[in-house]
Amino acid sequence: MTIPASATIMARPSFQIPPPPTDFARLSFPNPHTLIVTLCRPKSLNCINSAGNQELHAVWTWLDAEPSIRVGIVTGEGRAFCAGADLKEWNESQKPGATPQKPLSPSGFGGLSRRRGRKPVIAAVNGLAHGGGCEMIINCDIVLASPSAVFALPEAKRGVVALAGALPRLTRIVGRMRAMEMALTGRDVPAQEAKEWGLCNAVCTDGESIVDVAVKWAEEICFNSPDSIVVSKEGIELGWGGYKR
């Protein structure tokens with residue numbers, strides 16, 4: 001999916017802290033307070049390798065540190081949001097003598113699956129969100145989906161487990177039985193069904209750009225007090241997991 005002109009600006013606004021360089025994602029700014037992160041490996045269905053995970057961790061860390069940016073949006077280029085981990089890289093890392101993969105950062109897969117950031121991130125799910133891609137959206141603050149979006153945790157079909165933080169969070173969102181259904185069958189959950197389960201906030205209509213819809217939601221958040229947004233998010237996080245920084 002190409003981001004429409006209405007959702008981008010040609011020049012970056014002025015920042016107190018420069019954004020980190022990116023090779024696996026494209027950064028754009030539809031307004032002075034919103035960051036769009038587009039995963040841009042469409043030929044690989046936007047799967048994320050170890051370098052990409054480190055890169056995205058740096059991007060979301062920058063989001064929290066840069067005073068002018070209040071909301072982040074994550075989406076994918078092409079027909080996928082994110083197909084999960086780069087299995088080709090993983091297979092290569094298992095060969096004798098190969099360099100092992102770098103471990104995930106504390107913020108988890110895509111810098112999001114275990115993230116406890118100060119500022120909200122909206123997932124604009126434009127297509128399939130499988131494996132790690134699904135784990136990312138489960139820990140986002142708002143999830144918006146296109147009608148063609150599908151959500152799945154297919155790890156059990158491949159002899160692995162979704163260990164990037166999704167399973168306990170999924171249980172809290174959709175309940176034990178539905179979480180079991182997703183984790184044990186690995187089946188696709190279409191966008192409308194995901195909305196009925198509470199896995200996403202809204203499904204856009206055919207013909208709508210999911211990124212444009214996400215930008216409108218972001219603008220509504222940006223209109224409010226930045227400090228109130230940060231503190232409100234923290235309060236909800238405390239109710240969500242009772243974690244301590």
Side-chain angles (χ1 to χ4, degrees), residues 1 24-25 37-39 41-42 44-50 52-53 56-57 60 72-87 89-90 104-105 107-117 120-204 210 214 240-241:
M1 179 186 70
F24 303 101
V37 178
T38 305
L39 307 178
R41 300 182 72 197
S44 301
L45 299 180
N46 299 321
C47 65
I48 301 174
N49 58 21
S50 55
N53 277 310
L56 290 165
H57 171 74
W60 303 122
I73 296 170
V74 60
T75 192
E77 182 179 335
R79 65 186 183 91
F81 172 76
C82 174
D86 188 332
L87 296 182
E89 181 191 55
W90 186 86
L104 290 178
S105 67
S107 60
F109 190 82
L112 286 175
S113 69
R114 294 194 185 105
R115 176 179 180 263
R116 290 306 190 196
V121 173
I122 299 171
V125 187
N126 55 296
L128 67 87
H130 280 189
C134 190
E135 295 200 70
M136 289 166 65
I137 68 96
I138 285 169
N139 200 42
C140 283
D141 301 291
I142 292 172
V143 180
L144 308 173
S146 70
S148 61
V150 289
F151 305 83
L153 294 174
E155 283 83 354
K157 293 182 176 182
R158 294 163 175 77
V160 292
V161 182
L163 292 177
L167 296 180
R169 295 182 176 94
L170 180 66
T171 304
R172 295 181 195 135
I173 294 170
V174 304
R176 179 177 180 272
M177 298 304 180
R178 285 170 171 166
M180 286 288 189
E181 181 178 343
M182 286 190 70
L184 302 186
T185 70
R187 78 169 181 89
D188 284 354
V189 178
Q192 191 58 46
E193 186 176 10
K195 181 178 182 296
E196 293 167 3
W197 285 13
L199 195 55
C200 70
N201 296 75
V203 179
C204 72
I210 188 60
W240 170 250

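Treat the numbers as computed from the prediction; the structure is a model and nothing was measured.
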Main-chain N/O of Ala166 paired with Glu135 side-chain donor or acceptor, under 3.5 Å: yes
Closest contact, heavy atoms only, Cys134 versus Phe151: SG-CB, 4.1 Å
- prompt: Sub-3.5 Å donor-acceptor pair from the side chain of Arg41 to the main-chain atoms of Ala25, do we have one?
  reply: no
Ile173 side chain near Ile138 side chain, heavy-atom distance below 4.5 Å: yes
task: Flag the pair Leu144 / Val125 as yes when at least one side-chain heavy-atom distance between them is below 4.5 Å, and no otherwise.
output: no
- request: Check whether any side-chain heavy atom of Asp188 lies under 4.5 Å from a side-chain heavy atom of His130, and answer yes or no.
  value: yes
- prompt: Nearest heavy-atom pair of Gly131 and Pro154: which atoms, and what distance?
  reply: N-CD, 3.4 Å
- prompt: With side chains defined as the heavy atoms from C-beta onward, is the minimum distance between Val189 and Val150 less than 4.5 Å?
  reply: no
field: Nearest non-hydrogen partners of Cys140 and Ala123, listed with the distance
entry: SG-CB, 3.9 Å
- request: Would you confirm whether Thr75, through its side chain, and Ala124, through its main-chain N or O, come within 3.5 Å as a donor-acceptor pair?
  value: yes
task: In sequence, state the C-alpha distance, the side-chain angles, and the governing distance for Arg187 and Glu193, and then conclude on salt bridge (charged side-chain N to carboxylate O under 4.0 Å, His left out).
output: CA-CA 12 Å; Arg187 78 169 181 89; Glu193 186 176 10; 2.7 Å; yes
field: Over all atoms of both residues, closest heavy-atom pair of Gly52 and Phe24
entry: CA-CD1, 3.6 Å
field: Whether Asn139 side chain and Arg115 backbone form a donor-acceptor pair below 3.5 Å
entry: yes
message: Any side-chain to backbone donor/acceptor pair from Asn201 onto Val143? Under 3.5 Å, distance only.
response: yes
query: Ignoring hydrogens and geometry, is there a side-chain-to-backbone donor-acceptor pair from Asn126 to Ala149 under 3.5 Å?
result: no
query: Going by heavy atoms in the side chains, are Leu39 and Leu56 under 4.5 Å from each other?
result: yes
- prompt: What are the two closest non-hydrogen atoms of Cys200 and Val203, and how far apart are they?
  reply: SG-CG2, 4.1 Å
- prompt: So do the side chains of Ile48 and Met136 get within less than 4.5 Å of each other, counting heavy atoms only?
  reply: yes
message: If I compare all heavy atoms of Ala164 with all of Arg114, which pair ends up nearest, and what's the gap?
response: O-CG, 3.4 Å
Trace of the side chain to side chain contact (heavy atoms under 4.5 Å, CB included) decision for Val74 with Thr38: CA-CA 6 Å; Val74 60; Thr38 305; over 6 Å; no
- prompt: Does the side chain to side chain contact (heavy atoms under 4.5 Å, CB included) test come out yes or no for Phe109 and Cys82, once each step is laid out?
  reply: CA-CA 11 Å; Phe109 190 82; Cys82 174; 4.1 Å; yes
message: Test your reading of the model: is there a side-chain donor-acceptor pair from Trp60 to the backbone of Gly110, 3.5 Å cut-off?
response: yes
- prompt: Is the backbone N or O of Ala80 less than 3.5 Å from a side-chain atom of Asn46, with the two atoms forming a donor-acceptor pair by type?
  reply: yes
field: Non-neighbouring partners of Glu196 that pass salt bridge (Lys or Arg N to Asp or Glu O under 4.0 Å), sequence neighbours left out
entry: none
query: Less than 4.5 Å apart, any side-chain heavy atom of Ile142 and any of Val121?
result: no
message: Before you tell me yes or no, could you show the steps for Leu199 and Leu170 under side chain to side chain contact (heavy atoms under 4.5 Å, CB included), namely the whole-Å CA-CA distance, both residues' side-chain angles and the distance that decides it to 0.1 Å?
response: CA-CA 8 Å; Leu199 195 55; Leu170 180 66; 3.9 Å; yes
